[in-house]
K.L.:
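Could you have a look at this structure, given as C-alpha cells, before my questions?
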Amino acid sequence: MKNGDHLFLVDGSGFIFRAFHAIPPLNRKSDGLPVNAVSGFCNMLWKLLKDARNTDVGVTPTHFAVIFDYSSKTFRNALYDQYKANRTAPPEDLIPQFGLIRHATRAFNLPCIEKEGYEADDLIATYARLAEAAGADVTIVSSDKDLMQLVTSKVSMYDSMKDKQIAIPEVIEKWGVTPDKMIDLQAMTGDSTDNVPGIPGIGPKTAAQLLEEYGDLDTLLARAEEIKQQKRRENIIANRAQALLSRELVTLKTDTPLDVPLDDLVLEAQDGPKLIAFLKAMEFTTLTRRVAEACDCDASAIDAAVVPVDWGAEAHGPDLDKGEAGGASPMSGSLAESAAEAAETLLPSASANGHEPATLAKSRAALFSGKPIDHSSYVTIRDLATLDRWIADARETGLVAFDTETTSLDAMQAELCGFSLAIADNATDPTGIAIRAAYVPLLHKAGAGDLLGGGLVDGQIPMRDALVRLKDLLEDPAILKVAQNLKYDYLVMKRHGITVQSFDDTMLMSYALDAGAGTHGMDALSERWLGHKPIAYKDVAGSGKGAQTFDMVDIDRATAYAAEDADVTLRLWHVLKPRLPAERMTAVYERLERPLVPVLAHMEERGITIDRQILARLSGDLAQGAAALEDEIYELAGERFTIGSPKQLGDILFGKMGLPGGSKTKTGQWSTSAQVLEDLAAQGIPLPRKIVDWRQLTKLKSTYTDALPGFVHPDTRRVHTSYALAATTTGRLSSSDPNLQNIPVRTAEGRKIRTAFIASPGHKLVSADYSQIELRVLAHVADIPQLKQAFADGVDIHAMTASEMFGVPVKDMPAEVRRRAKAINFGIIYGISAFGLANQLSIERSEAGDYIKRYFERFPGIRDYMDSTKAFARGNGYVETIFGRRAHYPEIKSSNPSVRAFNERAAINAPIQGSAADIIRRAMVKMEPALAESGLSAVRMLLQVHDELIFEVEDGDVERAIPVIVGVMENASMPAVSMKVPLKVDARAALNWDEAH
DNA sequence: CCCCAACCGTA
DNA sequence: GTACGGTTGGGGG
C-alpha cells in the first residue's frame, strides 16, 4: 500500500444490525428466508464499488475489506467478565443473515475478514493505522461511535445509510471533542449496550466539558480534587478504577495479529457471473439487473448459486464453535457474536409471523404427510445423455437426493450395482415442491445359476462413464447431496475414488431431532413423516435362503425400489430440514452429527490389523479348557446336558440337585446368572463355579477368538467395524460387525484377546482415554464444590467420596471402603436406586438406602441436579447435554411406577453419558485437522470406545503425536463449553492394544 | 427362518 | 442403578 491508495473498511457486523433495522423485514425470499439485511448490504456494497465517485465520499477505493466479529468472547472478556454481558439475542429473522452476508461478501469478490478473540473494530483499527502509516487514505464504512477514535486527517468514516461522511469536524460537532479524545470520553460516559461501566453521572456533555477543561482523563483523575461540583468530584474519585478499566475496554487494539496482510486487501475485479449467481439465489431482481447491465452479462444465462436454505446453523441451539466442522455445508461459516449470544439465552420458539422456522416446519410436514408416491413416474436411466441431463438439473437446483444400490450391507465389501437420484422441480408444482426420481442400473446381471454366472444386462451405462459423472456430481460443493445414512454410500463411493462433499443425512437429522423417540431408519421415517410404507427390500430381493443380491434383481423392480428410496429421502429432507432451526437443533446436527460421517467412514475404511495366529492359539486353549470343564461338570451333575442352556442348567441345579434357587427371571425360570452361581459357589458348592468358568471360556471363544478372524477383509487383511451414529438415545456411538467396543479387558484371560489387535510393521498403537470423564461431567453439570476441587487437585475421586461419606482419611483407606464409594459414584451416574446399589454391593436395601441418604447430605447439589433433571424431563419429554443434544423419554410420565422410575434414571444418566459422548465426538471431528496442522497427517485414528480413541502411528511420529492427541481431547469442549473441571487424558503407545491401554 | 429371552462382553 | 451388541438356546411357524 502506498501514498494515494485508498482503503475501504466495511464494518460488516455493525452493518448487519443497521440494515436489518432500517429495511422492513418484508424483504424475503420466496421460501420465507428473510434477506432484508442481505439486501441492504448488497445494495450498499454495489453502490460503494460502482458509484463511489457520485457519493459524498468522492473517492474510489484501491483496497477493500469487509470485517466481521468472530465470536462473543474476546480479550476484553478477560479484562472484564461483564463486557457485553447484557446483550440480548438478535431477532430470529436476523440470524440466518449472518452467514448469508459473509456469502455475499465473497460473491462480491471482496476479502471477508474476522479473527478469533477480537472484535471487528480491533481489526478495523489495526488495518486503518497500518494503511495510514503507509500513506494511504482510509474510509471506514460505519457510523459506530466506537470507531470515531480512529478518525484523523487521513482516516474518515462514512455512514452509508445516511450517505454522510464523518471526518474530524463531524466528530467534534456530535461529541464536542476531537476524535483523539473519544477514548477518554467513552471511558467516562461508559456504554450501556456494551456494558462498559464508565463514571456514573457523567454523560457526553459533561465528559466533553471536563475534557475541554483538563485535557485528558489522566489529568482529570490526577486533579479531580479541584472539581467544584461536590457530587461530580466524589463520583469521579470513587470510580477512578472503573474509568481506567472502561478506557481499556473502549480502546481499540491497533496491533491485532492479522491473518490477511494489508496489501492483500487490494480490490479485485468484479466477477459479474459469480455475483449475479448469488443475487439470483437471493432473488434480488433489481440489483441483478443492474449488475448484469454494468458487467454486460446476460443474467438469464446464469444459474442461481446454491445457497441452501439454512436458517442459521450455529445460532439455533447452543454455540458449538465457529468455522468449518466437517465442511459439509457451504453455508456453515463462522459466527457473528450476537448469534452466539442468541444461543446462550435459548429462547423458546419465536412468535409466529407466518415465516418463522416453526411455521415452515409445520407446513412442510403437512405438505408431505400423505402426499401420494407415484411409482409409475420413476424412470430408468439407460444412456449417458439422459444421465447428463439429470445431473445438469441437479446442478440447476443445487439439491439432489442420492442413494446407492449394492450387493452387500457391508460397505467395505459391497459392489456398486446402480444408484438413484431424486430432484425437486420447484417450478412445476403449485406447492413448490415436485419430486421426480430415477434409477441408474450399472451392473445388473441376468441368467443366474448357469456356469457363466449370468451376463451383464443390456441397456446399462458403462461403470467407468457413470463414475466420471458421479464424481462431478458428488464432489461438487455447490450441489447439496441428500442421503439416508450417508456413511454407507460415502464409503462405497470412496472405494471408487469419489469423496462426497456437501451433504445432508436425513437419518442424522432425525437423530438430532428425535433421539429416543423412535428409530431413524428410512422405512420408519417414511411411515412417520410421509405416511407411506416403502417397498420392502425383501420383496424385491427375497430373504433368507431365497435371497439374491441386488445385481440379480430385474431392472424394472430395482427401479421402483431404488428410485423410491431417493424420492422418500428427498421428501424426508424437506420435512426434517426446517425442523432443525425451528427446534434449535441445527448446531447439534451440524457440529456433532454431520461432520462425523467422513471421520467415521475413514476410521472404518482404515480398519485394524489382528493377528489371527494369536486368536487361533487362544481358541485352542479355550476349547481345551472348556472341554476339561465339561467333563468335570457332567461328573458333578451326574449326567450330560447342554450346559449353555439356562433352562436345562436350572433344572439340574434347582431341580435335580435341589439347590436353593436365588432369583427368578421374568419368565418364571430360575435365574442362573453369574451372580446366582457365585452365591452358590460361596456356599462351598463346586458345580456352579465350574459353570461360571465354562461360560467365560465359551463366551470368549464364540464371541471373540472364533468370530473375529471371520471379519478379516479379504483384500485389506484388516478388520473393519461399522459404527452406528444414530443408534443410541444418549449420543454414544455403537459398533458392530464386529463390535469392537466390547473387547474384553477386565479379566486376564479376556485381556489376551487384546494382544491380537496389533500395529502394522513400523507402527505403534496409541490408546488415549479420558480419565473419569462422566464423573467430571457430573461435577460440571451439578456444580459440586467438593468434586470440582478434587478434580482440580487431581486427587483420587473415589477415595475423596469415601472420606466425605464415612469420615475415613484418604491415607491408608481400606480398599473395601473405597470400593463402596466407587460403587456409589457409579450409581449416581446411573440414576441411583437403593435396589440397584444393594445389588451391586451385595448389601441390604436398607443399608444401601442409608448410603444414598448420607451421600445426598454430603453432596446436596447432586440431589438438586437429579430433582431438576427429572422435573425437566417430565416437563419437556427430553433432557439435554451440555452441548444441547436432546435425549427423549416419551414414557417419563408413565403411570406404571417401575417404567416411570426407569425413565427417570435414564433421564438422569443421559445428560452425563451424552455430554461425555459429545465431548469425544468433538475431539474426533477436530482430530484430523489438528494432526494435519502438526505435520502428523500420517497418524491414523482407527477406533473409538466411548471414552477412548485408538490410533496407529508410525514409530517416528509417536512422541510428537501423543501431546497433540491429548491436547485435542482435553480441550474438546472448547470453545463451546468451558468446563468447570479439567478433562484428563492418559495416552500410551505399544505394539498391541492390551499394552497400549 | 424369525424372534425372544438369557446371558455377558464393554464404557 | 445407565448405554450398547453378539451368541446361544429354544419356541413358534
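Residue numbers start from 1 in every chain, and the chains themselves are labelled A, B, ... in the order their sequence lines are given, proteins ahead of strands. Atoms considered below: every heavy atom in the structure, side chains included; atoms not considered: hydrogens, waters and symmetry mates.
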K.L.:
Any chance you could lay out the side-chain contact (heavy atoms from CB on, under 4.5 Å) test for A:D410 and A:S722, step after step, and finish with the verdict?
P.N.:
CA-CA 8 Å; A:D410 176 357; A:S722 175; over 6 Å; no

K.L.:
Round to the nearest Å and state the distance from A:L618 atom CG to B:dG9 atom P.
P.N.:
16 Å

K.L.:
Does the side chain of A:L700 reach to within under 4.5 Å of the side chain of A:P744, using non-hydrogen atoms?
P.N.:
yes

K.L.:
Is the distance between the ring centroids of A:F902 and A:Y889 under 6.0 Å?
P.N.:
no

K.L.:
Give one of base, sugar-phosphate or nothing for A:A910, where a contact means two heavy atoms less than 4.0 Å apart.
P.N.:
nothing

K.L.:
Would you mind reporting whether A:L943 and A:W993 have side-chain heavy atoms less than 4.5 Å apart?
P.N.:
yes

K.L.:
Taking atom C1' of B:dA11 as reference, at what distance in whole Å does atom CG of A:L775 sit?
P.N.:
13 Å

K.L.:
Would you classify A:G831 as touching base, sugar-phosphate or nothing, given that sugar-phosphate means primed atoms plus P, OP1 and OP2, and contacts are heavy atoms under 4.0 Å?
P.N.:
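Since no nucleic acid heavy atom lies under 4.0 Å of A:G831, the category is nothing.
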
K.L.:
Check whether any side-chain N or O of A:R921 sits under 3.5 Å from a backbone N or O of A:G731 as a donor-acceptor pair, and report yes or no.
P.N.:
yes

K.L.:
Write down the atom of A:R988, the atom of A:H997, and the distance for their closest heavy-atom approach.
P.N.:
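That closest heavy-atom pairing would be NH1-O, 3.6 Å.
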
K.L.:
Can you tell me which nucleotide in B:dA6, C:dA3, C:dG1 comes closest to the side chain of A:A906?
P.N.:
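The nucleotide sitting nearest to the side chain is C:dA3.
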
K.L.:
Please work out if A:L837 contacts a base, only the sugar-phosphate, or nothing of the nucleic acid, heavy-atom cut-off 4.0 Å.
P.N.:
base

K.L.:
With sequence neighbours left out, which residue pairs that include part of residues 866-879 of chain A fulfil the side chain to side chain donor-acceptor pair (under 3.5 Å) condition?
P.N.:
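Side chain to side chain donor-acceptor pair (under 3.5 Å) check on residues 866-879 of chain A returns A:R874-A:E904.
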
K.L.:
Would you mind reading off the distance between A:L700 atom CG and B:dG9 atom C1', rounded to a whole angstrom?
P.N.:
8 Å

K.L.:
Does A:Q648 place a side-chain N or O at less than 4.0 Å from the phosphate oxygens OP1/OP2 of C:dG10?
P.N.:
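So the side chain of A:Q648 is within the cut-off, an N or O lying under 4.0 Å from OP1 or OP2 of C:dG10.
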
K.L.:
Remember a base hit wins even if backbone is also touched, and classify A:Q840 as base, sugar-phosphate or nothing at under 4.0 Å, heavy atoms.
P.N.:
base

K.L.:
Check A:W694 against A:I643 and note the closest heavy-atom contact, atom names and distance.
P.N.:
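So the minimum-distance heavy-atom pair works out to CE3-CG2, 3.5 Å.
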
K.L.:
It should be established whether A:R695 places a side-chain nitrogen or oxygen under 4.0 Å from OP1 or OP2 of nucleotide B:dC8.
P.N.:
yes

K.L.:
At 4.0 Å (heavy atoms only), tell me whether A:A823 reaches a base, stays on the sugar-phosphate, or touches nothing.
P.N.:
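Base, at least one base atom sits under 4.0 Å.
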
K.L.:
For A:E857, I'd like to know if atom CD has over 12 heavy atoms of other residues, nucleotides or ligands within 6.0 Å.
P.N.:
yes

K.L.:
Under 3.5 Å between N/O atoms: give me all the protein pairs with nucleotides 4-7 of chain C, atom names plus distance.
P.N.:
from, atom 1, to, atom 2, distance (Å)
C:dC4, OP1, A:T729, N, 3.2
C:dG5, OP1, A:S734, OG, 2.8
C:dG5, O4', A:N739, ND2, 3.0
C:dG6, OP1, A:D737, N, 3.0
C:dG6, N2, A:K699, NZ, 3.4
C:dT7, O3', A:S702, OG, 3.4

K.L.:
Any donor and acceptor pair, going by atom type alone, linking the side chain of A:K656 with main-chain N or O of A:A637 inside 3.5 Å?
P.N.:
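Yes, A:K656 side chain to A:A637 backbone: donor-acceptor pair under 3.5 Å.
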
K.L.:
Please state how far atom CD1 in A:I832 lies from atom C1' in C:dA3, giving the value in whole angstrom units.
P.N.:
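Checked: the CD1 to C1' distance equals 17 Å.
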
K.L.:
Check the phosphate of B:dA11 against A:R732, side-chain N and O only, distance under 4.0 Å to OP1 or OP2. Yes or no?
P.N.:
no

K.L.:
By nearest nucleotide on DNA chain C, pick out whichever of A:G644 and A:I828 is the more 5' one.
P.N.:
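The residue closer to the strand's 5' end, by nearest nucleotide, is A:I828.
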
K.L.:
Figure out the CZ/C1' separation between A:F902 and C:dT2, and round it to whole Å.
P.N.:
8 Å

K.L.:
Using Watson-Crick and G-U wobble pairs with both distances under 3.5 Å, what is the 5'-to-3' dot-bracket string of DNA chain C, with [ ] for crossing pairs and | for pairs outside the strand?
P.N.:
.|||||||||||.

K.L.:
Taking OP1 and OP2 of C:dT8, is either one under 4.0 Å from a side-chain nitrogen or oxygen of A:S645?
P.N.:
no

K.L.:
Please work out if A:T698 contacts a base, only the sugar-phosphate, or nothing of the nucleic acid, heavy-atom cut-off 4.0 Å.
P.N.:
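The answer is nothing, as A:T698 stays clear of every strand by at least 4.0 Å.
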
K.L.:
Is there a donor and acceptor pair, one atom on the side chain of A:Q913 and one on the base of C:dT2, closer than 3.5 Å?
P.N.:
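Answer is yes: a donor-acceptor pair is held.
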
K.L.:
Measure from the side chain of A:S543, starting at C-beta and using heavy atoms only, and say which of B:dC2, B:dG9, B:dC7 lies closest.
P.N.:
B:dC2

K.L.:
Roughly, in whole Å, what's the span from CG in A:L778 to P in C:dT2?
P.N.:
16 Å

K.L.:
Given atom CG of A:L649 and atom P of B:dC7, what is their separation to the nearest angstrom?
P.N.:
9 Å

K.L.:
For the pair made of CG in A:N903 and C1' in C:dT2, what is the distance, rounded to whole Å?
P.N.:
12 Å

K.L.:
I'd like to know if A:E678 and A:R695 make a salt bridge, using a cut-off of under 4.0 Å between side-chain N and carboxylate O.
P.N.:
no

